[in-house]
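Just below is one structure, and these are the notes that go with it.
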There are 2 protein chains.
Amino acid sequence: MTTPKSVAGRLFTLLSVFSEQRPSANLSELSRSAGLALSTTHRLVNELVEWGALDRDDDGRYHVGLRLFELAALSPGSLGLRERALPFLEDLYEVTHQNVQLAVRDGLEAVYVERISAHNAVNVVTRIGSRLPVHASGVGLAMLAFAAPEVQELAVRSPMRRFTPKTITTPAALREVLARVRRDGYAISDGQIELITLSVAAPIRGEDDSVVAAVSIVVPQDVDVAGLVPAVRTAARGISRALGAPSAVRSPERGASD
Amino acid sequence: MTTPKSVAGRLFTLLSVFSEQRPSANLSELSRSAGLALSTTHRLVNELVEWGALDRDDDGRYHVGLRLFELAALSPGSLGLRERALPFLEDLYEVTHQNVQLAVRDGLEAVYVERISAHNAVNVVTRIGSRLPVHASGVGLAMLAFAAPEVQELAVRSPMRRFTPKTITTPAALREVLARVRRDGYAISDGQIELITLSVAAPIRGEDDSVVAAVSIVVPQDVDVAGLVPAVRTAARGISRALGAPSAVRSPERGASD
DNA sequence: GATGGCCTTCCGATGAGTGGAAAGTCCACT
DNA sequence: AGTGGACTTTCCACTCATCGGAAGGCCATC
């Protein structure tokens, strides 16, 4: 790791020390992980704490503070979307009793902004705030298939990390899957991240009808998904309508007249 | 507004320009609002964008980026808590069909981390990420009543902002309310923020049995809350149990033997 | 008492950061 | 088409915010 020269870069490096595996850290850990001198770390961390980006526990450890949560709530792709989508996610959960997820696209990654998990459902590797590459996740494929052509091309041309033997890793395979997603209107990702799970995802459209997010369910790999696809697509359509998507307002009859 | 000298302070000032009223801004707005020179703003904003704290739209406006959302998800008082609390919040919503809210305490403020709102329920002023003073909100009172004595004293001694004629503004009134909350195990905030609404809130305990959050419902002021208190307290107890609170695991019989 | 880990404070040297100025872009108006 | 204003981007001499080594303090362990 090369230590940034700029203060901004150093602040970001310190914030990036925190992760799911390390939700809290003491000053020396931060100093070592960020590659910054102890006193430098001390000063910068104190500024982060004063502002609320970090909080310090009674035991002297630091964790992410609520100030970032407040700011994050303003991000267009996160909590605002989640709030409007929540009723439909809950419906989908009630109908399927499987893990339900909502994600947005950030470059070539899907970022999970909501998850409703079932106690007895298959374990899901994602959690809120985590990311997976678009090529390997149901929601990622559902969003990528309708993204701008240059984004799709970039995805096709970029190296695709392999998680399991089933993960898509070739341009040809990805193109084919994207074409199928566009034709079908939903994506199936079978065993791409974990061999034991399968996800069904559908794109969610915003007020200009562009795809802005995706909703998915994650089920054990041996479940027949045919009966789940309509539910996922219904939820996606409902969320799209809540977001003001023109195409989600048209009734079937009007759609047929196009 | 006095412009901070430090880079960190300047970055925070720029981030603080964003609010619910201003979810996006262009470079000149940021420069004016932060009191920083245009070129300084330009440089700092570019660093924020590179890191993902801000994103830039096609129209050149900046909004909060997903990177903060990812970090925020690691905050102990936010999305992790929300996720465990969600089933109980949903139960409470199904039972009452009123606005349900989950909040944590940050100093003398309640920060709202979840909200399930009803279409036909009374309008609620809070949204996810927003804050209200503890003395004036149901959840705030529920958490303050069980906070460390020095926190309670600080609240009692601090100026209490008045929102309506019903808002608690005197130390004596606050002490009395806090004592009642401790005795009753729940808080009622009647018309303290808005005259037309009333909230019932109950404290949520974490794994060391300290109060770490609170859940509330918000109803029109003319609703009889007596029937709602048990539902709110049940939800709080359920969430406490999900968080591993020892006191929420005891059955009534064992409780009676203490 | 000695040691080690962690944290906090201090301060002279310096290079990261500043912001005014210039240039470029876009758009509405005349 | 020309103009003016708003907005954005780039440049660079100067300076002061930042740095990190050093010192000191605290606490737990041996």
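Owing to the predicted nature of the structure, the values given are computational and were not obtained by experimental measurement. So that the names make sense, note that chain A is the first sequence line, chain B the second, and so on, each numbered from 1.
- At D:dC7, one or more side-chain N or O atoms of B:R32 fall inside 4.0 Å of OP1 or OP2 (strictly under the cut-off).
- Contact between the side-chain N/O atoms of B:R10 and the OP1/OP2 oxygens of C:dT18 is found at a separation under 4.0 Å.
- Put simply, CG on B:L38 is 9 Å from P on D:dC7, counting in whole angstrom units.
- Mapping B:A37 and A:S39 onto DNA chain C by nearest heavy atom places A:S39 closer to the 5' end of the strand.
- Taking side-chain N and O atoms only, A:S28 has a distance below 4.0 Å to OP1 or OP2 of C:dC7.
- For B:R161, the CZ atom counts as loosely surrounded, since its 6.0 Å shell holds 12 or fewer non-hydrogen atoms of other residues, nucleotides or ligands.
- Rounded to a whole Å, the NE2 atom of A:H42 is 9 Å from the P atom of C:dC7.
- The cationic atom of B:R67 (NZ for Lys, CZ for Arg) does not lie both less than 6.0 Å from the six-membered ring centre of A:F12 and within 45° of the ring axis.
- Within the 4.5 Å cutoff, side-chain heavy atoms of A:Q152 are placed close to those of A:L178.
- Geometrically, A:R205 engages A:F146 in a cation-pi contact defined by less than 6.0 Å to the ring centre and at most 45° from the axis.
- The CG-P distance, from A:L30 to C:dG5, rounds to 18 Å in whole Å.
- Contact check of residues 43-66 of chain B against DNA chain C (heavy atom, cut-off under 4.0 Å) returns B:R43.
- In this model, no side-chain donor or acceptor of A:S6 finds a partner on the base of C:dG17 within 3.5 Å.
- For B:L27, the side-chain atoms get nearest to D:dT8 when compared with the rest of D:dT8, C:dG20, C:dT8.
- Within the 4.0 Å cut-off from OP1 or OP2 of D:dG20, at least one side-chain nitrogen or oxygen of A:T40 is found.
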